[in-house]
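Here is how names work: the chains are called A, B, and so on, in the same order as the sequence lines, proteins then strands, and each is numbered from 1.
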There are 2 protein chains.
Amino acid sequence: MATDRPRPVTLLDVANEAGVSVSTASRALTGARRVRGDLERRVQEAVESLGYRPNEAARGLRMARTMTLGVLFHRLNSPVSLDLIDGMGAAAHEARYSLAVTSARGDKAQYTSLFRHFYGQRVDALVLIWPRGDLSAHLAPFARAGVPAVGIRWEPGEPGLTVVSADTSAGIAEAMSALAGMGHTQITVIAHGVLWVPPNLRRNYIDQAAEAVGMRLRRRTSRESGQTLREIVTSELASEEPPTVILAGYSEVGEVIASVRALGKRVPEDVSVVSFADSRFGAVAQSEHAAAIDVDSFELGRRIAAVTLEAIENGPPSEDLRIRGLSHWSPGVTIGPAPRR
Amino acid sequence: MATDRPRPVTLLDVANEAGVSVSTASRALTGARRVRGDLERRVQEAVESLGYRPNEAARGLRMARTMTLGVLFHRLNSPVSLDLIDGMGAAAHEARYSLAVTSARGDKAQYTSLFRHFYGQRVDALVLIWPRGDLSAHLAPFARAGVPAVGIRWEPGEPGLTVVSADTSAGIAEAMSALAGMGHTQITVIAHGVLWVPPNLRRNYIDQAAEAVGMRLRRRTSRESGQTLREIVTSELASEEPPTVILAGYSEVGEVIASVRALGKRVPEDVSVVSFADSRFGAVAQSEHAAAIDVDSFELGRRIAAVTLEAIENGPPSEDLRIRGLSHWSPGVTIGPAPRR
DNA sequence: TTGTAGGCGTTATCAT
DNA sequence: ATGATAACGCCTACAA
């Protein structure tokens, strides 16, 4: 139907209907300058009756602004991405911006192609979610055009990129101190699903929080050992210094709890279990009422978009951002006082 | 920096650099008409050296096409959405289209607002993911402008909307017949997480597939009973006619298996367990090597985008679409022959 | 085959 | 305060 679609109503139509010139109509709508009250009213009426909506492409051409944020995922594989999209969308839409979402699906050539695509689209800003590889060549054209780029990742300090990272230490520290306060001294972190991350800030957060409260920590992962979740739990509880708490990702807590029970132990009387939920999906998917360290990725998305919009308006901030207050400790029925030995 | 950003290179710049007129440059790039070989080469060189990329806003204004698909989620809460976005993005990007992704976050007013937003953006088509409520008022302006709308949902037959739905019966039927072939006669479907759906096509698929192979089926859900997963499994296995197979969503299989074992029964010798994985995340998150009914939501996304792009080109199809071949049965270590009674 | 010119819908500059 | 007019960057009749 692309051939014969009826021409949508334009500003000229509105102006004619209202009996004014296009410039007056435009002014009445943008509010740049004052127009006479009755004329403004007539324009508004014409807009209503004709169902006029300004053509963003034309506006973009004229204003050299597309009101579009180009969001580039290296890969779209985690529910966290959903929250980020949702959060960014919420903030962007409030500011009348659109979100052009893309994923390279882990492919390097795609990644390059998407940068070019966004350049052609003249996005007002670039948002890179967990980017990989060398970005400098990709970012250069945007930098030249004054298009800000904001990225979420752990390592700051990329030239031409404002790096935003989530500081989840608060919730982790809260959890550790709550557990320590209940007498726990030995924790096992099962870095299996969402809790598996490359050696980075979040891993540090956990280590440091444990150390700060004198909690001995063991980290187990099926990636290295090739063991199943159940085998890991079994060997841990049979070890010389068995943990009194187990921390696992939200997609594993159910199985962890069931595995503990399969060994004839009770949760939380014999072993406490804590979930790590970094997405709203995770918070729902984990066993209900499990104690959890929650991370608000939706809010993280909002904040990233806010930073980006701000950068469009006033230029990039002078330094990278570490966003706090996104994580919190949420007690639940799966934790209790440490058992006596 | 919005104020003083350097003007990006335009087609005129390219034409000057190549020593030709804009129209020649344009033709050399769009390939609409033939241009002399050497001129075409010079234009290409100019494009390279200047780093020219056509301004899509200008092109969109001229062509009355924005090369943008407006994707509207009623809510962004399931990993399936991720696959859909990724799949739609893959197909759209191949066709040089962008994906403007939005979510109403379950809010009715937002929903309305987003339709208006997309209308202003002059998206070339609308894609509605599991839309709710009365659409006719929202769709009318788009219909008037000849903008096709494609939606994914279970119930077809919305005027002005091409409804696409996933027919997952094949994979389910395969699974049932494989299980029946192993001697299973009693299955319990735990409709807890992803497997909980309102009474609809998919529920029918499961019922019909079970009936077709003479499998007795019981459906249990925590939503109605208020029981935990573990309690459901326990009561099921203690019932008069205990199931020899349990079907559960991917986020529950781990816990189901562990719960079965906690009762002193073995998987799969005493009870077989099958997972339902409707997303790539689910396929990864479920216990490894579990037998599963997989649904390829990524491909579903691709297909939806393909239908949409086709509708832009040639108008909406004459009838709604039921897409097959997206589900398949994937055996695994969690199933075995039915135990003798 | 190439160049000139007009227009897509909007905002901004300039007169009035 | 309002209206005519000139861009924004691109494509495409039309004329050469």
Side-chain angles (χ1 to χ4, degrees), chain A residues 2-43 46-47 50-67 96 119-124 145, chain B residues 2-43 46-47 50-67 96 119-124 145:
Chain A
T3 48
D4 59 342
R5 44 182 182 222
R7 194 176 57 79
V9 5
T10 75
L11 191 57
L12 180 60
D13 299 325
V14 172
N16 288 339
E17 175 82 7
V20 297
S21 73
V22 271
S23 359
T24 306
S26 173
R27 281 190 284 254
L29 294 179
T30 60
R33 270 176 155 82
R34 281 223 71 66
V35 306
R36 241 168 54 208
D38 58 324
L39 289 191
E40 173 159 357
R41 216 170 11 255
R42 267 160 56 195
V43 170
V47 166
L50 297 177
Y52 168 76
R53 298 243 78 199
N55 182 326
E56 288 294 338
R59 196 201 286 264
L61 182 59
R62 180 62 232 243
M63 312 277 282
R65 279 217 187 173
T66 50
M67 302 302 281
R96 308 181 51 90
Y119 188 83
Q121 222 189 328
R122 301 289 192 276
V123 295
D124 290 337
Chain B
T3 48
D4 59 342
R5 45 179 179 225
R7 194 175 58 79
V9 3
T10 75
L11 190 57
L12 181 60
D13 299 326
V14 171
N16 288 339
E17 175 81 8
V20 298
S21 73
V22 272
S23 39
T24 306
S26 173
R27 282 189 282 254
L29 294 179
T30 59
R33 269 176 155 81
R34 283 222 66 71
V35 306
R36 243 169 50 209
D38 56 326
L39 289 191
E40 176 160 356
R41 212 166 19 251
R42 268 159 55 195
V43 171
V47 166
L50 296 177
Y52 169 77
R53 299 243 77 201
N55 182 327
E56 288 295 338
R59 176 177 275 175
L61 183 58
R62 175 64 229 248
M63 312 283 280
R65 277 215 189 177
T66 50
M67 304 301 281
R96 308 181 52 88
Y119 188 83
Q121 222 188 326
R122 301 289 191 277
V123 295
D124 290 337

Over how many whole Å does the gap from [X] atom [atom1] to [N] atom [atom2] extend?
X	N	atom1	atom2	value
B:Leu29	D:dG9	CG	P	16 Å
A:Arg42	D:dT2	CZ	C1'	12 Å
A:Arg27	C:dT13	CZ	C1'	10 Å
A:Asp38	D:dA1	CG	P	13 Å

What is the distance from atom [atom1] of [X] to atom [atom2] of [Y], rounded to the nearest 0.5 Å?
X	Y	atom1	atom2	answer
A:Arg27	A:Arg36	CZ	CZ	12.5 Å
B:Arg59	A:Leu61	CZ	CG	13.5 Å
A:Glu56	A:Arg65	CD	CZ	12.0 Å

Non-hydrogen side-chain atoms of B:Thr10 and B:Asn55 separated by less than 4.5 Å: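 Counting from C-beta outward, B:Thr10 and B:Asn55 never come under 4.5 Å.
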Contact between B:Val14 and B:Glu17 at the side-chain level, heavy atoms closer than 4.5 Å - yes or no?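 A side-chain contact under 4.5 Å is absent here.
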Counting the atoms with a prime plus P, OP1 and OP2 as sugar-phosphate, which does B:Ser23 contact under 4.0 Å by heavy atoms, base, sugar-phosphate, or nothing?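 The residue B:Ser23 makes base contact.
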From the list D:dA4, D:dA1, D:dA13, which nucleotide is the closest neighbour of the side chain of A:Arg36?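 Among D:dA4, D:dA1, D:dA13, the one nearest the side chain of A:Arg36 is D:dA1.
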For the backbone of B:Ser26 and the side chain of B:Thr30, can you confirm whether one donor and one acceptor N or O come within less than 3.5 Å of each other?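 A pair under 3.5 Å: yes.
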Which pair of non-hydrogen atoms, one from [X] and one from [Y], has the smallest distance, and what is that distance?
X	Y	result
B:Thr24	B:Leu39	CG2-CD1, 4.3 Å
A:Leu11	A:Tyr52	N-CE1, 3.4 Å
A:Tyr119	B:Pro8	OH-CB, 4.1 Å

Dump every N/O contact between nucleotides 6-10 of chain C and the protein below 3.5 Å, one line per pair.
unit_1	atom_1	unit_2	atom_2	d
C:dG6	N2	B:Arg62	NH1	2.8
C:dG7	N2	B:Arg62	NH1	3.4
C:dT10	OP1	A:Tyr52	OH	2.5
C:dT10	OP1	A:Asn55	N	3.0
C:dT10	OP2	A:Leu11	N	2.5

How far does the helix from C:dT1-D:dA16 to C:dT16-D:dA1 bend, going by the axes of its first and last five pairs, to the nearest 10°?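 Roughly 50° between the end axes, to the nearest 10°.
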Taking only the side-chain nitrogens and oxygens of B:Thr24, find out if one of them lies under 4.0 Å from OP1 or OP2 of C:dT2.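 So the side-chain polar atoms of B:Thr24 never come under 4.0 Å of the phosphate oxygens OP1 or OP2 of C:dT2.
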Phosphate contact (D:dT2 OP1 or OP2) by A:Ser21 side-chain N/O below 4.0 Å: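 No, no such contact exists.
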